[in-house]
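The block underneath contains the structure these notes are about, expressed in structure tokens.
What you see is a predicted model; the values in this text were computed from it and never measured.
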Amino acid sequence: MEPVFTVVAVAFESVGAVVMVLGFFVALVLGIRALGRGEGGHVAFLTLRTTLGGAILLGLEVLVAADLIRTITSKPSLEDAVILGIIVLIRTILSISIQIEIDGTLPWRRALLGSGAQVVASQVTRDRTAAHGDAADS
């Protein structure tokens, strides 16, 4: 059964990496579209930064899940538990710092916590709304 879970963990790791790479391209496209609509460089940069940050957050969440699956399904050892703890700690600190960078506030001070996927989705929705507004103005 362990080989099956190893494949599942590798699949999760692959999904996490793909999410970050695709998120980069989505962020780039949304930033370029914001520039193309004449929203200015500042808005385009904020769109790029926010969307990329959300994609990285989502990818980190998936990678933590992969680490948990890999550790839970492997032969238990103190060394594996310590390594998992360090990896999760590092990824959690990265996630919190990215979330602070995106929101400008500490995560526990916000009324509603948003995941990386929610951040990316809100930027895509914002882009679609702006694009439809431009089409209606034409």
Side-chain angles (χ1 to χ4, degrees):
M1 194 69 164
E2 188 176 335
V4 172
F5 285 110
T6 300
V7 169
V8 170
V10 168
F12 267 77
E13 289 170 346
S14 299
V15 168
V18 167
V19 162
M20 286 190 254
V21 170
L22 288 178
F24 168 75
F25 289 113
V26 168
L28 196 61
V29 167
L30 293 178
I32 290 169
R33 288 175 57 133
L35 272 177
R37 286 191 299 270
E39 294 179 6
H42 182 70
V43 171
F45 173 74
L46 288 177
T47 300
L48 176 73
R49 187 174 120 185
T50 302
T51 307
L52 183 58
I56 291 170
L57 277 174
L58 180 59
L60 284 172
E61 291 170 4
V62 175
L63 290 174
V64 167
D67 290 333
L68 290 172
I69 291 170
R70 186 179 301 277
T71 303
I72 290 170
T73 59
S74 67
K75 295 180 179 115
S77 73
L78 185 57
E79 183 180 337
D80 287 343
V82 170
I83 290 171
L84 174 66
I86 291 170
I87 290 171
V88 169
L89 179 66
I90 291 169
R91 289 185 179 161
T92 300
I93 291 170
L94 282 172
S95 294
I96 289 172
S97 62
I98 292 169
Q99 193 72 48
I100 291 169
E101 189 69 27
I102 291 171
D103 296 334
T105 185
L106 298 171
W108 51 87
R109 295 193 67 189
R110 290 181 294 131
L112 298 172
L113 294 175
S115 69
Q118 290 168 324
V119 171
V120 173
S122 69
Q123 289 299 316
V124 170
T125 301
R126 184 190 154 297
D127 180 73
R128 285 185 181 163
T129 303
H132 290 302
D134 289 347
D137 292 341
S138 298

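Rounding to the nearest 0.5 angstrom, the gap separating the CD1 atom in Ile93 from the CG atom in Leu60 is 12.0 Å. Once rounded to the nearest 0.5 Å, the distance linking CD1 of Ile98 with CG of Leu58 reads 11.5 Å. How far CG of Asp127 is from NE2 of His132: 9.0 Å, rounded to the nearest 0.5 Å. Between Leu63 atom CG and Ile56 atom CD1 the span is 11.5 Å, to the nearest 0.5 Å. Put simply, OG on Ser95 and CD1 on Ile100 are 11.0 Å apart, with the number rounded to the nearest 0.5 Å.
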Could you pull out every donor-acceptor pair under 3.5 Å between side chains of residues 9-19 and any protein atom, sequence neighbours left out?
residue: Glu13; atom: OE1; partner: Arg70; partner atom: NH2; Å: 2.9
residue: Glu13; atom: OE2; partner: Arg70; partner atom: NE; Å: 3.4
residue: Glu13; atom: OE2; partner: Arg70; partner atom: NH2; Å: 3.0
residue: Ser14; atom: OG; partner: Val10; partner atom: O; Å: 3.0

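Legend: residues meeting side-chain contact (heavy atoms from CB on, under 4.5 Å) with Ile86, ordered by chain and number and at least two apart, are Val82, Ile90. With sequence neighbours excluded, the residues that form a side-chain contact (heavy atoms from CB on, under 4.5 Å) with Arg126 are Arg37, Glu39, Val43, Thr47, Gln123. In terms of the salt bridge (charged side-chain N to carboxylate O under 4.0 Å, His left out) criterion, residue partners of Asp67 (sequence neighbours excluded) are, by chain and number, Arg91. Under the rule for a side-chain contact (heavy atoms from CB on, under 4.5 Å), the partners of Val29 that lie at least two apart in sequence or sit in another chain are Arg33. Leu28 is linked by a side-chain contact (heavy atoms from CB on, under 4.5 Å) to Phe24, Ile32, Leu48, counting only residues two or more places apart in sequence or in another chain.
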Quiz item: How far apart are the C-alpha atoms of Leu52 and Met20, what are their side-chain angles, what is the distance that settles it, and do they pass the side chain to side chain contact (heavy atoms under 4.5 Å, CB included) test?
Solution: CA-CA 8 Å; Leu52 183 58; Met20 286 190 254; over 6 Å; no

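Residue Ala34 comes nearest to Ala44 through the heavy atom pair CB-CA, 3.9 Å, listed as atom of the first residue, atom of the second, then distance.
In the hydrophobic clustering of this structure, Val21 groups with Leu57; members are Ile, Leu, Val, Met, Phe, Trp, Tyr whose side-chain heavy atoms approach within less than 4.5 Å, directly or through other members. Hydrophobic clustering (side-chain heavy atoms under 4.5 Å, transitive across Ile, Leu, Val, Met, Phe, Trp, Tyr) keeps Ile87 apart from Val62.
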